[in-house]
Amino acid sequence: MIRVTVWNENIHDKEDGVRAVYPLGLHGTIAEFLGKLEGVQVRTATLDQPDCGLPESVLEETDVLIWWGHVAHDRVPDELAQRIVERVNRGMGFIGLHSAHMSKPLRKLLGTSCTLRWRDGEFERLWCTAPGHPIAQGLPPAFTLEQEEMYGEFFDIPQPETVVFTGWFRGGEVFRSGCCWTCGYGRVFYFQPGHETNGSFHNPYVQQIIGNAVRWAAPTARRNGLDCLFAQKSAEELTAQGEEVPAF
């Protein structure tokens, strides 16, 4: 069973224009279609909950964390972002959607500004540029989104291990729309579609990509607590503190 937590700010979701597109909220919509997949168990978490919906107990029980944020990145505590990074380094998968490119967890994981060019709604054609990748399983060579926020290059990210999808917009812009990295023992996927006033999360291809990404990002191995301790402290620090240095 893959345990998925879908996190959302849940701020735009209270606006009439967004509620008309996503009556269940962005997180509720994503959780609904993922919950129909065999072998996937889904819960949601939001910024307005205690501990931002992500106390230690929830993170411990999360195999893949999906993140959507936009206007309240600064309200996510640095300590929570760091705990998420540590969980990913230990094996938890992380999927950043749309404006999560500026989220604290993703920027900490990638180590860059993650800035990009953008403008309001535009026609987008998404091309599959790595058809052999598991996230592209069952996808056509290309599909279109009639209305989606334009994200364009330069996208300030480290070189992806794989660019699974490349977006093209009618204005001529292109964008690395689906990117994969490995961070420690964990897998990270960033996927560009998902502006709150567009219906991209209702698109069956977008849903399939996110479902495929959940299976790809699910942990295949985890660091144990001793490994993490050793990763955070040098051998000299351990010795100075009277702690045993693990032998490998």
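Heavy-atom basis, side chains included; hydrogens, waters and symmetry copies ignored. Bear in mind that the values here come from a model prediction, so they are computed numbers and not experimental data.
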- Message: Between Thr46 and Asp48, is the side chain to side chain donor-acceptor pair (under 3.5 Å) condition met? List the steps.
- Response: CA-CA 6 Å; Thr46 57; Asp48 51 3; 2.5 Å; yes
- Message: Under the criterion side-chain contact (heavy atoms from CB on, under 4.5 Å), I'd like the reasoning laid out for Phe33 against Ile210: C-alpha separation, chi angles, the key distance, then a yes or no.
- Response: CA-CA 10 Å; Phe33 69 73; Ile210 296 173; 3.9 Å; yes
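- Classified by interplanar angle (parallel below 30°, tilted 30° to 60°, perpendicular above 60°), the ring pair His12/Trp68 is perpendicular.
- Between Val188 and Cys180 there is no side-chain heavy-atom pair separated by less than 4.5 Å.
- Using modelled atom types and a 3.5 Å distance limit, the side chains of Thr182 and Glu161 yield a donor-acceptor pair.
- Side-chain N or O atoms of Asp51 include none that pairs as donor or acceptor with a backbone N or O of Leu54 at under 3.5 Å.
- At least one side-chain heavy atom of Val42 sits less than 4.5 Å from a side-chain heavy atom of Val6.
- Salt bridge status for Arg176 with Glu153: present, with a side-chain N to carboxylate O gap under 4.0 Å.
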- Message: His98 vs Phe191, test: ring pair (Phe, Tyr, Trp, His ring centres under 6.0 Å). Steps then yes/no.
- Response: CA-CA 6 Å; His98 192 59; Phe191 189 47; 9.9 Å; no
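- Clustering ILVMFWY residues whenever any of their side-chain heavy atoms sit less than 4.5 angstrom apart, transitively, puts Ile209 in the very cluster that holds Val164.
- A pairwise comparison of heavy atoms in Ala45 and Thr5 identifies CB-CG2, 4.0 Å as the closest pair.
- When atom types are taken as modelled, the side chain of His73 and the backbone of His70 share a donor-acceptor pair closer than 3.5 angstrom.
- Looking at heavy atoms from C-beta onward, Cys52 lies in side-chain contact with Pro77 at the 4.5 angstrom threshold.
- Looking at Leu126 and Thr166, their side chains never come closer than 4.5 Å, going by heavy atoms from C-beta outward.
- Nearest heavy atoms, Val76 versus Leu80: CG1-CD2, 4.1 Å.
- Within a 6.0 Å sphere centred on OH of Tyr205, heavy atoms belonging to other residues, nucleotides or ligands number 12 at most.
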- Message: As a quick check of understanding, evaluate ring pair (Phe, Tyr, Trp, His ring centres under 6.0 Å) for His202 and Tyr22, giving each step before the final call.
- Response: CA-CA 9 Å; His202 296 303; Tyr22 295 109; 4.9 Å; yes
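- Under a 3.5 Å cut-off, the side chain of Lys108 and the backbone N or O of Gln82 do not form any donor-acceptor pair.
- At distances below 3.5 Å, at least one donor-acceptor pair connects side-chain atoms of Arg187 with backbone N or O atoms of Trp216.
- No side-chain heavy atom of Glu15 sits under 4.5 Å from any side-chain heavy atom of Thr197.
- Glu196 has its side chain out of reach of Asp13: every pair of non-hydrogen atoms, C-beta onward, lies at least 4.5 Å apart.
- Note on Ile95 and Leu65: separate hydrophobic clusters, where clusters join Ile, Leu, Val, Met, Phe, Trp and Tyr whose side-chain heavy atoms are under 4.5 Å apart, directly or indirectly.
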- Message: Run Ile2 and Arg215 through side-chain contact (heavy atoms from CB on, under 4.5 Å) and show every step you take.
- Response: CA-CA 8 Å; Ile2 302 173; Arg215 298 194 187 280; 4.3 Å; yes
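- Inter-residue side-chain proximity for Phe201 and Val206 is flagged as met; some heavy-atom pair is nearer than 4.5 Å.
- A donor-acceptor contact closer than 3.5 angstrom links the side chains of Asp156 and Ser113.
- Residues Asn212 and Ala136 share a closest heavy-atom pair of ND2-C, 4.2 Å.
- Val64 and Val214 get closest at one heavy-atom pair: CG2-O, 3.6 Å.
- Under the 6.0 Å distance and 45° angle rule, Arg90 does not count as a cation-pi partner of Tyr185.
- Remark: the backbone N or O of Gln137 is paired with a side-chain donor or acceptor of Gln208 at under 3.5 angstrom.
- For the residue pair Glu148 / His195, no side-chain donor-acceptor distance below 3.5 Å is found, with atom types taken as modelled.
- Although no hydrogens or angles enter the test, the distance criterion places no donor-acceptor pair under 3.5 Å between the side chain of Thr44 and the main chain of Gly28.
- Across all their heavy atoms, Thr112 and Ile157 have their closest contact at OG1-CA, 3.5 Å.
- A donor-acceptor pair is defined here as one N or O able to donate and one able to accept, closer than 3.5 Å; no such pair exists between the side chain of Asn198 and the backbone of Ser200.
- In terms of modelled atom types and a separation under 3.5 Å, the side chain of Gln147 and the main chain of Phe123 share no donor-acceptor contact.
- Using modelled atom types, no side-chain atom of Asp63 and backbone atom of Ala218 make a donor-acceptor pair closer than 3.5 Å.
- Linking Ile, Leu, Val, Met, Phe, Trp and Tyr whenever their side-chain heavy atoms come within less than 4.5 Å leaves Trp127 and Phe189 in two separate clusters.
- Within 6.0 Å of atom CH2 in Trp168, more than 12 heavy atoms from other residues, nucleotides or ligands are found, so the atom counts as buried in its surroundings.
- Ion pairing of Asp78 with Lys104 is present here, as a side-chain N (NZ or NE/NH1/NH2) and a carboxylate O approach within less than 4.0 Å.
- One hydrophobic cluster, built from ILVMFWY side chains closer than 4.5 Å, holds both Val58 and Leu47.
- Glu32 has its side chain within reach of Leu24: a pair of non-hydrogen atoms, C-beta onward, lies under 4.5 Å apart.
- Counting only N and O atoms by type, the side chains of Gln192 and Glu149 include no donor and acceptor under 3.5 Å apart.
- Checked for salt-bridge contact, Glu9 and Arg75 miss the test: no charged N lies under 4.0 Å from a carboxylate O.
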- Using the salt bridge (charged side-chain N to carboxylate O under 4.0 Å, His left out) rule, take Arg43 and Glu61 through it: C-alpha gap first, then chi angles, then the decisive distance, then the call. CA-CA 10 Å; Arg43 73 199 305 169; Glu61 296 174 355; 3.2 Å; yes
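- Residues Pro140 and Cys128 approach most closely at O-CB, 3.9 Å, considering heavy atoms.
- Under the 4.5 Å side-chain heavy-atom criterion for Ile, Leu, Val, Met, Phe, Trp and Tyr, Met102 and Leu109 are members of distinct hydrophobic clusters.
- Using a cutoff of 4.0 Å between basic side-chain nitrogens and carboxylate oxygens, Glu173 and Arg119 are scored as salt-bridged.
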- Message: Quick one, Thr62 with Val4, criterion side-chain contact (heavy atoms from CB on, under 4.5 Å). Give me CA distance, side-chain angles, the key distance, then yes/no.
- Response: CA-CA 6 Å; Thr62 298; Val4 178; over 6 Å; no
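- Shown are Phe165, Phe155, Trp181, Phe94; of these, the ring-ring contact (aromatic ring centres under 6.0 Å, His included) with Tyr190 is made only by Phe155.
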